[in-house]
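Notes follow the structure.
Every heavy atom of this structure was used, including side-chain atoms; hydrogens, water molecules and symmetry mates were not. Bear in mind the structure is a predicted one, so any value in this text is a computation, not a measurement.
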Amino acid sequence: MSSSTEDSSGALNIEDVRRAQAALEGLDVTTWANRFELLSDANRLRLLLCLHHAPGICVTDLSVALGMSGTAVSHALRLLRSQGWVTATRDGRSMRYQLAEDTVHQLLHSIGATHFGDTHFGDTHFGDTHFDDSGHSHR
């Protein structure tokens, strides 16, 4: 080991300990661990990618796109909604789902997610919710 982390006697480097502890200050590690746990399931990650690419999609359309049963999609959506990653908007008899917050949106971009066509397709409306070209919802 280098002398900056431990001297030859094995004594602690208090400055390194303080810097390491500072990395944990003000960060809710448990919340982030739970968030990353949601991403550890391939089907939930695929579902989030679909919502990113097709905001305002309903369970039936998601189940077809994902090749999953409607029950499995609904269960995954419940988990994602309970963690605040996904929101739902009623459109007549259907519920339309979209990403709930920008953090999720940015995480998906960091793994290579894109928007449908990445070109201008106009704005989309579902019930009282308006989805702009970037897939963000507005009331």
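- The closest donor-acceptor contact from the side chain of D91 to the backbone of S94 lies at 3.5 Å or more, if one exists at all.
- Within the structure, no pair that satisfies the salt bridge (charged side-chain N to carboxylate O under 4.0 Å, His left out) test touches residues 59-83, not counting sequence neighbours.
- In terms of heavy-atom proximity, Q98 sits nearest to P55 at CB-CB, 4.3 Å.
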With a 3.5 Å cut-off and sequence neighbours excluded, list the donor-acceptor pairs that the side chains of residues 68-76 form with protein atoms.
residue, atom, partner, partner atom, Å
S69, OG, A72, N, 3.0
S74, OG, G70, O, 3.0

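- When side chains are defined from C-beta on, I57 does not count as touching R96, because their heavy atoms never get closer than 4.5 Å.
- In terms of heavy-atom proximity, T87 sits nearest to L99 at OG1-O, 4.3 Å.
- With sequence neighbours excluded, the residues that form a side-chain hydrogen bond (donor to acceptor under 3.5 Å, both in side chains) with T31 are D28.
- To the nearest 0.5 Å, atom CG of residue N34 and atom CG of residue L79 are 11.5 Å apart.
- Note on L80 and W32: same hydrophobic cluster, where clusters join Ile, Leu, Val, Met, Phe, Trp and Tyr whose side-chain heavy atoms are under 4.5 Å apart, directly or indirectly.
- L108 has its side chain out of reach of L51: every pair of non-hydrogen atoms, C-beta onward, lies at least 4.5 Å apart.
- Once rounded to the nearest 0.5 Å, the distance linking CG of L107 with CG of L39 reads 6.5 Å.
- With contacts defined as side-chain heavy-atom distances shorter than 4.5 Å, the pair L77/L62 qualifies.
- By the 4.5 Å heavy-atom criterion applied to side chains, L49 and H53 are not counted as neighbours.
- Residue pairs meeting the salt bridge (charged side-chain N to carboxylate O under 4.0 Å, His left out) criterion with at least one member in residues 39-54: none, sequence neighbours excluded.
- For the atom pair CZ (R19) and CD (E15), the distance works out to 5.5 Å, reported to the nearest 0.5 Å.
- Hydrophobic clustering places I111 together with V104 (ILVMFWY residues linked when any side-chain heavy atoms are closer than 4.5 Å, directly or through intermediates).
- With sequence neighbours excluded, the residues forming a salt bridge (charged side-chain N to carboxylate O under 4.0 Å, His left out) with E101 are R35, listed by chain and number.
- In summary, the aromatic rings of H52 and H115 are positioned with their centroids under 6.0 Å apart.
- Considering only residues two or more places apart in sequence or on other chains, R93 meets the side chain to side chain contact (heavy atoms under 4.5 Å, CB included) condition with none of them.
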